[in-house]
Amino acid sequence: MELYALLKLIWAALLCVLLIGLGLMVGMDMGVGTLLRFVGRNDGERRTALNIIGPHWDGNQVWFILGGGAIFAAFPTLYATSFSVFYVVMILLLFSMILRPVAFEYRSKANSHLWRASWDWVFLVSGFLPMFIYGAAFGNILHGVGYHFGWTGQYYQDSSFFSYLLNPFAILCGLMSVSLSVYQGGVMLMLRAENPIYDRARRYALRGGLTAAVLFIIGGFFIARMQGFVFTAPVDPAMPASPMHGQHVAMVAGGWLHNYAAHPVLWLLPLLGLASMVGGTLAARMNKVILAWWIGLGSWIGTIGTVAAAMFPFFMPSTTTPDQSLTVWNSSASAYGLTCMLVVALIFVPIILCYTSWCYYVMRGKVHTADIVNDSHSY
């Protein structure tokens, strides 16, 4: 295999790793925000929940930045096209993400029930909406997106906001993402909170894990029956980064299962996802909190890995002109750019993993409501 094609494969794998890290770490914070009004029945309990993720939430956003940065640097054609196709969605996502740090900083600045209750609703929206959009994005690319390129290379959009965001499969995927987020957020609260927050978080973690498992199974039936995208002729993995030529694609019923038929070992990925959702729920039920947290990682690996294995090498297939679908092979940066970014990633991703682990180690232990209520400097 040529070096250029190998670099494309490496960056596709790295992108999957970053998306898994985003789902796990950012999803955990978002899950706590979504659950805030339900696990906390008074101001002290809600402040306790916020201070559990308070030292970590901004550091966890690094995974969000890394994911977007990796697409921008390694797959610029995908970045430009996807951010254009999902422009309205990106605005909603950015709006909710901007509100979140504001809510952290301003919620406890005024000792007013109405003031704090209003910010609690902001936490719910800014926790639910990003994770719903995250899952719905996967649903949309599996379903296919209406776009094409003109002879000049200019991008044209052929689908509306409502058709690509609010189709049933995208909604299912969005709700599944929220369910996994609720599970991970509930487990995090169990890990560091005491009763009564612990018991309430445990109930929601169990519901989130089971709901995600049910939606995962239903999603599998959707994928088995929907139109998938397959190559009808061999392609050159080292092809130039242009969607205008060099590939022939057809839409085929059940096409997303072709990779699984060709490589049965790939079925281990959906099995891992489903087993982790069920196993994590059982671990949380038995109060094995640390185990439940780590099993949550398996849920994200299995879920995103299932999608990646089904779609490979497609990134964003086009329902308007399938031959112009964006793939790992035709939407990447240059070999020089991929090499430079790989060196940077090999240096800084381990650093991020190390300081994140260190932060969680230093801030381990239970957060007590009495300490938070008497501390005017806490959230």
Side-chain angles (χ1 to χ4, degrees), residues 1-29 55-83 97 134 137-138 141 184 236-241 259 263 265-266 268-269 272-273 276 293-294 296-316 326-363:
M1 179 179 289
E2 291 187 24
L3 176 62
Y4 189 27
L6 180 61
L7 287 169
K8 293 177 182 182
L9 281 176
I10 291 173
W11 267 104
L14 282 175
L15 181 57
C16 285
V17 171
L18 296 176
L19 292 175
I20 291 168
L22 192 161
L24 179 71
M25 305 303 291
V26 177
M28 176 178 63
D29 295 341
H56 310 293
W57 72 268
D58 47 354
N60 289 341
Q61 301 302 307
V62 168
W63 293 98
F64 181 79
I65 298 170
L66 284 175
I71 298 174
F72 172 78
F75 302 101
T77 307
L78 173 65
Y79 176 88
T81 307
S82 61
F83 276 57
M97 297 288 283
Y134 185 63
F138 281 98
I141 61 175
Q184 206 70 37
D236 179 12
M239 67 189 299
N259 286 342
H263 307 283
V265 69
L266 295 176
L268 292 175
L269 289 168
L272 171 64
S276 296
W293 194 95
W294 283 106
L297 172 60
S299 299
W300 284 106
I301 293 174
T303 301
I304 295 178
T306 297
V307 175
M311 294 191 63
F312 183 83
F314 291 92
F315 270 145
M316 195 169 75
L326 297 180
T327 70
V328 174
W329 313 132
N330 70 2
S331 60
S332 66
S334 66
Y336 176 77
L338 293 177
T339 302
C340 292
M341 286 300 300
L342 181 59
V343 173
V344 173
L346 291 176
I347 294 172
F348 285 100
V349 171
I351 291 175
I352 292 170
L353 291 173
C354 288
Y355 82 65
T356 299
S357 301
W358 180 80
C359 288
Y360 277 92
Y361 175 77
V362 170
M363 303 301 294

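Heads up: numbering here begins at 1 and tracks the sequence.
- The shortest side-chain heavy-atom distance between Tyr134 and Leu22 falls under the 4.5 Å cut-off.
- Annotation: Phe72, atom CZ; neighbour count of heavy atoms from other residues, nucleotides and ligands within 6.0 Å does not exceed 12.
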- Message: Set out, in order, the CA-CA distance, both residues' side-chain angles and the distance that settles side chain to side chain contact (heavy atoms under 4.5 Å, CB included) for Leu24 and Trp293, then state yes or no.
- Response: CA-CA 10 Å; Leu24 179 71; Trp293 194 95; 3.9 Å; yes

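- Between the CE atom in Met28 and the NE2 atom in His56 there is a gap of 7.5 Å [rounded to 0.5 Å].
- With sequence neighbours left out, the side chain to side chain contact (heavy atoms under 4.5 Å, CB included) criterion links Ser276 to Leu272, Ile295, Ser299.
- Between the OG1 atom in Thr81 and the CE atom in Met316 there is a gap of 5.0 Å [rounded to 0.5 Å].
- In terms of heavy-atom proximity, Asn259 sits nearest to Ala309 at ND2-O, 2.9 Å.
- Residues satisfying the side-chain hydrogen bond (donor to acceptor under 3.5 Å, both in side chains) test with Thr303, not counting sequence neighbours, are none.
- Taking CD of Gln61 as the reference point, atom CG of Leu66 lies at 11.5 Å (rounded to 0.5 Å).
- With sequence neighbours excluded, the residues forming a side chain to side chain contact (heavy atoms under 4.5 Å, CB included) with Ile20 are Leu297, Trp300, Ile301, Ile304, listed by chain and number.
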Can you give me every donor-acceptor pair (side chain of residues 350-363, partner residue at least two apart or in another chain, under 3.5 Å) with its distance?
unit_1, atom_1, unit_2, atom_2, d
Thr356, OG1, Ile352, O, 2.7
Ser357, OG, Leu353, O, 2.8
Tyr360, OH, Asn60, ND2, 3.0

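- For Phe83, the ring pair (Phe, Tyr, Trp, His ring centres under 6.0 Å) partners two or more places apart in sequence, or in a different chain, are Tyr79.
- Between Phe314 and Thr327, some side-chain heavy-atom pair lies under the 4.5 Å cut-off.
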List the atom pairs, donor and acceptor, that lie under 3.5 Å between side-chain atoms in residues 7-19 and the rest of the protein, sequence neighbours left out.
unit_1, atom_1, unit_2, atom_2, d
Lys8, NZ, Pro237, O, 2.9
Lys8, NZ, Met239, O, 2.9
Lys8, NZ, Trp329, O, 2.6
Trp11, NE1, Leu338, O, 3.1

